[in-house]
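Chain naming here is simple, since letters A, B, ... match the order of the sequence lines and numbering starts at 1 in each.
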2 protein chains.
Amino acid sequence: MSQPTPDETLLGLLAVQAKHGYQLLACFHDSDELGRVWKLSTSQLYAVLKRLAGQGLIVGRAVETTQAPARTEYELTPAGHKRLQAWLYEPSPSASIRRVRVEFLSRLYVARLLNLPTVAIVRAQKAACWREYETRLAERDRSAPGVGFLALELHIAQLAAVLQWIDRCEMSPEED
Amino acid sequence: MSQPTPDETLLGLLAVQAKHGYQLLACFHDSDELGRVWKLSTSQLYAVLKRLAGQGLIVGRAVETTQAPARTEYELTPAGHKRLQAWLYEPSPSASIRRVRVEFLSRLYVARLLNLPTVAIVRAQKAACWREYETRLAERDRSAPGVGFLALELHIAQLAAVLQWIDRCEMSPEED
DNA sequence: TGTAATCTATTCCATGATAGAATAGCGGCC
DNA sequence: GGCCGCTATTCTATCATGGAATAGATTACA
């Protein structure tokens with residue numbers, strides 16, 4: 001699957017504090033933040049939790065309450081913390097437009113949540129997009145007209161827009 | 001599923017001339033044209049053909065040859081032609097970036113193949129993107145800072161890039 | 001001439017994503 | 001009391017997807 005998955009973003013949310021599924025789901029309903037980036041259905045979220053647990057990145061423990069049905073709280077394992085760090089500071093992030101929108105912004109969100117530096121994240125993403133931009137520009141020169149050429153030009157225009165936009169991400173939210 | 005499907009593009013290819021699966025597959029290998037827009041696996045293509053046949057949009061007939069294994073050639077039914085026309089001149093196409101790249105360019109490709117006018121297609125797409133652009137701009141004004149806001153700004157920048165790019169699609173390929 | 005590789009053409013299968021309903025306990029409201 | 005709605009999770013059916021399997025025909029070449 002080449003689609004971005006919310007797995008590491010969930011790790012990030014759990015790194016702040018142990019949570020159960022329903023609580024995590026609520027984090028994605030906030031339409032000003034993560035809700036604009038990810039659309040997660042209930043079953044999808046629980047499927048991801050199961051996958052992460054299967055990979056040994058999180059562990060769940062049942063919590064009994066009198067207030068509500070039994071819940072399972074998940075927290076990061078050491079492997080989970082390691083994976084989260086590796087994902088946050090991935091040295092060559094994807095330059096795909098979709099992944100920039102979804103994965104890069106999730107990295108930024110998680111890093112801010114955890115009070116970690118964001119400069120390296122933005123810089124790595126910017127570099128990756130520049131490389132892609134140069135590659136596509138070169139490709140355009142040896143491309144024949146037709147819809148394939150138009151697709152290439154659109155891609156180049158999208159990358160240029162990302163490069164103009166990404167500098168604004170270097171500022172912390174308070175400086176906006 | 002909100003992902004664009006190659007269904008109508010296949011209808012367009014079949015509208016030019018009846019073809020069998022393997023031939024259709026070859027159309028997507030051309031890296032200067034459709035191949036840049038769609039990535040179709042073998043099984044995916046045959047699955048789409050089955051779906052289209054199930055909907056009565058195409059009919060297949062077995063063709064025996066001594067040159068090669070038996071093949072099934074598909075051609076459009078009247079319902080298929082109707083569906084193709086409706087798709088080509090869809091009055092309110094999606095303004096999603098992905099759909100512009102994939103669906104709009106496919107419309108353009110098919111219309112050019114069939115020597116049909118493309119002006120209406122481009123105009124409809126442009127109008128849809130403008131509406132989306134205005135909507136998002138208004139939304140930005142009443143949005144709080146954070147990654148949600150950054151996502152919104154990226155989206156706006158992407159739409160602006162599309163609007164700048166789309167005018168080049170009004171020209172026929174010879175005029176490029 | 002044998003056989004290996006490649007091309008044509010399609011089907012099959014296992015896995016995984018996804019939507020939506022189902023389940024189920026509890027609290028509040030009228 | 002009875003119903004609605006909230007918390008919390010699981011289940012199920014469907015569908016997409018990648019990749020291998022099948023299988024006939026042609027070319028390559030020793």
Side-chain angles (χ1 to χ4, degrees), chain A residues 1-10 13-14 17-30 35 37-55 57-75 96 98-99 102-103, chain B residues 1-10 13-14 17-30 35 37-55 57-75 96 98-99 102-103:
Chain A
M1 166 197 26
S2 91
Q3 295 253 96
T5 65
D7 295 36
E8 293 88 356
T9 308
L10 286 186
L13 291 171
L14 292 175
Q17 191 187 347
K19 290 184 185 64
H20 55 94
Y22 202 75
Q23 259 177 309
L24 286 167
L25 210 53
C27 298
F28 291 89
H29 285 329
D30 177 0
V37 174
W38 296 98
K39 298 288 170 205
L40 280 198
S41 69
T42 309
S43 43
Q44 199 181 345
L45 181 126
Y46 284 100
V48 172
L49 285 178
K50 205 162 277 180
R51 179 167 58 225
L52 292 174
Q55 294 172 349
L57 302 175
I58 60 177
V59 279
R61 55 189 187 86
V63 176
E64 299 285 333
T65 59
T66 52
Q67 313 281 340
R71 56 182 71 159
T72 309
E73 251 182 17
Y74 290 94
E75 58 182 340
S96 124
R98 182 184 178 80
R99 279 181 179 269
V102 172
E103 219 171 32
Chain B
M1 166 196 26
S2 92
Q3 296 254 97
T5 66
D7 295 36
E8 293 88 355
T9 307
L10 286 186
L13 291 171
L14 292 175
Q17 192 187 347
K19 290 183 185 62
H20 55 94
Y22 202 74
Q23 260 177 308
L24 286 167
L25 211 54
C27 297
F28 291 89
H29 284 329
D30 177 0
V37 174
W38 297 99
K39 300 287 171 207
L40 279 198
S41 70
T42 309
S43 44
Q44 200 180 346
L45 181 126
Y46 284 99
V48 173
L49 283 178
K50 204 161 277 180
R51 180 167 58 225
L52 292 174
Q55 294 173 348
L57 301 176
I58 60 177
V59 279
R61 57 190 185 85
V63 176
E64 300 285 333
T65 59
T66 53
Q67 314 280 340
R71 56 181 71 159
T72 309
E73 251 182 19
Y74 290 94
E75 58 182 340
S96 123
R98 181 182 180 82
R99 280 180 180 269
V102 172
E103 219 171 32

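To the nearest angstrom, P of dT14(D) lies 22 Å from CD of Q3(B). Between the NE2 atom of H20(B) and the P atom of dT10(C) there is a distance of 6 Å, rounded to whole Å. Across the protein-nucleic acid pair, W38(A) atom CH2 and dA17(C) atom C1' stand 14 Å apart, rounded to whole Å. Counting to the nearest Å, the P atom of dG20(C) and the NZ atom of K39(A) are 15 Å from each other. dC15(D) atom C1' lies 15 Å from atom CG of L52(B), rounded to whole Å. The separation between L40(A) atom CG and dA19(C) atom P is 10 Å, rounded to whole Å. One can place NZ of K50(B) at 14 Å from P of dC15(D), the figure rounded to the nearest angstrom. If you take CG of L25(B) and P of dT11(C), they are 13 Å apart, rounded to a whole angstrom.
Of all non-hydrogen atoms in L25(A) and T42(A), the two that sit nearest each other are CD2-OG1, 3.9 Å. When every heavy atom of P4(B) is checked against every heavy atom of R98(B), the shortest pair comes out as CD-NE, 3.7 Å.
Of the candidate nucleotides dA16(D), dA19(C), dT17(D), dT17(D) has the atom lying nearest to any side-chain atom of Q44(B). When the nucleotides dA19(C), dT9(D), dT10(C) are ranked by their closest atom to the side chain of Y46(A), dT9(D) comes out on top. Checking dA19(C), dT10(C), dT7(D) against every side-chain atom of Y22(A), the shortest atom distance belongs to dT7(D).
Distance alone, capped at 3.5 Å, is enough to place a donor-acceptor pair between the Q23(A) side chain and the H20(A) backbone.
Under the side chain to side chain contact (heavy atoms under 4.5 Å, CB included) rule, V48(A) has a single partner from L24(A), D7(A), L40(A), which is D7(A).
Residue S41(A) places none of its side-chain N or O atoms closer than 4.0 Å to OP1 or OP2 of dT18(C). For the OP1/OP2 pair of dA16(D) and a distance below 4.0 Å, the side-chain nitrogens and oxygens of R51(B) include at least one atom meeting the criterion.
Contact of the T9(B) side chain with the V102(B) side chain is not registered, since no non-hydrogen atoms from C-beta on lie closer than 4.5 Å.
Counting atom types as modelled, T42(B) pairs no side-chain N or O with a base atom of dG18(D) as donor and acceptor under 3.5 Å. Residue side chain S43(B) reaches the base of dG19(D) through a donor-acceptor N/O pair under 3.5 Å, judged by distance alone.
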